[in-house]
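Naming: A, B, ... by sequence-line order, numbering from 1 per chain.
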Amino acid sequence: MTPDIGAPGQNAMETETDIRSTASRQIEAPDSQVARFGPDDPLRLDCGVDFAPLTVAYQTYGTLNEDRSNVILVAHALTGDQHVANEHPVTGKPGWWDLMVGPGKPIDTNRYFVICTNVLGGCLGTSGPASIDPATGEPYGLNFPVVTIPDMVRAQAKLLDHLGIETLFCAIGGSMGGMQVLQWAASYPERVFSAIPIATAARHTSQNIAFHEVGRQAVMADPDWRGGRYLLEGANPTKGLAVARMAAHITYLSDEALHRKFGRNLQDRKEITFGFDADFQIESYLRYQGMTFVDRFDANAYLYVTRAMDYFDLAADFDGQLANAFLGTSTRFCIVSFTSDWLFPTAGNRQVVHALNAAGARVSFVEIDTDRGHDAFLLDEPELFAAVRGFLDSAAQARGLPALVPVR
Amino acid sequence: MNAAPPMTPDDPIRTMALSDRRDLQLLADLIEPGSRVLDVGCSDGTLLKILESRHGIDGRGIELSQRGVNECVAKGLAVVQGDADHDLINYPDNAFDYVVLSQTIQATYNPRFVLEQMFRIGARGIVSFPNFGHWRMRWQLLTGGRMPVTEHLPVSWYATPNIHFCTIRDFVALVEELGATIERAIALNSKGNRIDEGASLRRRNLMGEQAIFLLSKPR
């Protein structure tokens with residue numbers, strides 16, 4: 001496949017090489033703060049492995065207050081990373097939640113201290129399959145243990161312990177980030193004052209596991225995957241990973257949004273070509289999405305992180321009763337879903353709400369009307385911002401955080 | 001009373017009484033400080049806000065309309081999207097000190113079931129509703145022969161979300177059937193003033209435009 005890219009200036013060979021080297025540098029020497037935990041301080045994983053050494057890369061925004069009560073943990077989604085609100089070191093693009101996090105934004109960094117970690121199994125500095133295994137001096141590849149959402153949360157908790165942060169004022173995240181938020185609330189209820197799981201579910205559905213399997217098979221079918229040893233052999237399964245991304249990207253949008261944005265419009269041509277070039281704008285768009293993704297994401301990391309989502313089933317650890325995960329909780333919850341999200345539809349979010357009600361938890365639930373599908377949580381959705389801002393304000397009042405004095 | 005906002009069939013606001021804060025104040029007065037309260041059909045959260053400003057009340061809400069829910073959440077209230085007919089079953093027994101149905105009961109599909117759920121979830125229930133036994137209703141039906149349309153109930157029969165109207169007498173009969181106890185039965189006249197609670201049921205049913213009942217669960 002020769003991706004027919006939509007953006008100018010992206011295919012200059014030199015730039016691409018630069019991006020690749022920047023991307024690979026992020027694995028061992030990220031443009032982020034890092035916490036390292038040595039062999040004497042392992043992380044017990046769900047699969048039974050005591051993992052060490054562990055590196056956790058993270059970004060922070062704002063200022064930690066004196067009693068360390070203003071911490072908001074932002075948890076990123078499958079292909080997100082810790083660069084929430086700063087220019088991305090590889091792509092040069094604004095942070096993925098720039099609209100939500102920053103001075104004066106709903107998650108106001110003038111008021112809150114925001115932490116985002118790269119998840120365990122990721123590829124932007126936290127230990128993952130692309131990291132070097134000190135036992136062999138080579139990248140872990142498939143020798144990296146299979147991690148879970150609870151493992152990701154344990155790694156985050158370990159970082160907070162290391163930073164001397166006892167409680168989170170709020171844990172917030174969308175999609176896989178929302179799974180982490182739910183896990184935080186279930187695993188460490190006393191450490192989470194408030195929680196905002198967005199466009200998520202308490203378990204990954206069969207359909208969603210199916211989509212992930214398609215993505216993984218695309219990666220593994222690429223001859224350059226080399227049984228997961230591509231980094232050692234100087235290859236990169238970019239074609240497989242790009243296809244995985246293309247397929248996944250469709251699930252993040254909606255039929256309506258695709259129709260509105262692209263319709264059946266042709267790409268830089270007046271007529272169809274009776275060939276397999278990207279005749280349609282949507283094809284060109286997807287190819288572009290696939291191609292840019294491989295510059296910043298490690299193929300094995302994609303396998304591991306999708307697997308973690310597949311394994312997520314919060315109720316399973318609580319006798320199959322989701323409400324039991326939240327019994328006696330004093331955490332304040334705000335659940336948000338989007339009408340056109342068919343990947344994490346309202347019904348799945350509502351199951352969480354019902355479980356929280358049954359557990360007697362304090363919960364707010366907003367469904368936001370939008371045609372932008374699952375991706376809506378990353379976009380300019382004023383009702384989302386209003387809900388997050390209002391919820392955080394009221395939680396801050398309950399937590400006794402001082403109100404912001406407007407600066408003249 | 002202020003000019004009423006335009007009403008459409010999908011408009012969730014059930015009666016104009018909601019914009020008259022007096023009945024909400026009265027209703028709030030029935031709730032003891034420090035209580036846990038579930039407001040079923042909490043609209044834009046006005047009552048929950050009033051309750052929140054009173055010391056120690058832990059208020060939750062359910063609201064059918066997305067607009068209402070979003071407004072409530074933006075105000076920092078613990079409100080979820082849902083409806084009385086389907087979502088009360090998700091709450092555990094005796095989870096609240098009070099369950100409030102403020103101008104909600106007449107918009108439910110199954111008022112009896114909703115009341116049963118109310119008593120299951122809460123130790124006490126507070127129910128307010130427009131009284132269809134009010135003399136003006138009777139007069140309109142008697143003289144015009146058509147379903148009454150009033151300032152408080154401005155929507156025609158085919159468009160109103162209020163599908164189960166009742167009179168004060170009807171309501172009392174249902175409460176008795178359910179075996180619950182009526183602790184207070186307040187009727188408000190068309191000016192929003194309280195009719196003497198010592199007045200006969202007959203008089204309150206005739207003169208009361210709005211009714212507010214404080215009930216305790218069947219033993």
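Ranked by heavy-atom pairs under 4.5 Å with chain B, the first of A:Ala395, A:Ala398, A:Ala386, A:Ala323 is A:Ala386. For the set B:Ile89, B:Asp87, B:Val80, the entry with the most heavy-atom pairs within less than 4.5 Å of chain A is B:Val80.
At a 4.5 Å heavy-atom cutoff, the contact between A:Val363 and chain B is made by backbone and side-chain atoms alike. Using a 4.5 Å cut-off between heavy atoms, A:Glu383 contacts chain B through its side chain alone, with no backbone atom that close. Contact annotation for A:Asn357: both backbone and side-chain heavy atoms come within less than 4.5 Å of a heavy atom of chain B. The contact between A:Arg362 and chain B is made by backbone and side chain atoms together, counting heavy-atom distances below 4.5 Å. Contact annotation for B:Gln66: only side-chain heavy atoms (C-beta onward) come within less than 4.5 Å of a heavy atom of chain A. Proximity to chain B is absent for every atom of A:Ala396, based on heavy atoms less than 4.5 angstrom apart.
For the atom pair CD1 (B:Ile62) and CD (B:Gln81), the distance works out to 10.0 Å, reported to the nearest 0.5 Å. Atom CG of B:Leu77 is separated from atom CG of B:Leu48 by 5.5 Å, given to the nearest 0.5 angstrom. With rounding to the nearest 0.5 Å, the separation of CZ in A:Phe377 from CE in A:Met100 is 9.5 Å.
With B:Tyr91 contributing its side chain and B:Leu38 its backbone, the two residues share no donor-acceptor pair below 3.5 Å. The backbone N or O of B:Ser43 sits less than 3.5 Å from a side-chain atom of B:Glu63, completing a donor-acceptor pair.
A cation-pi arrangement is found for A:Arg399 relative to A:Phe193, the charged atom lying closer than 6.0 Å to the ring centre and inside a 45° cone about the ring normal.
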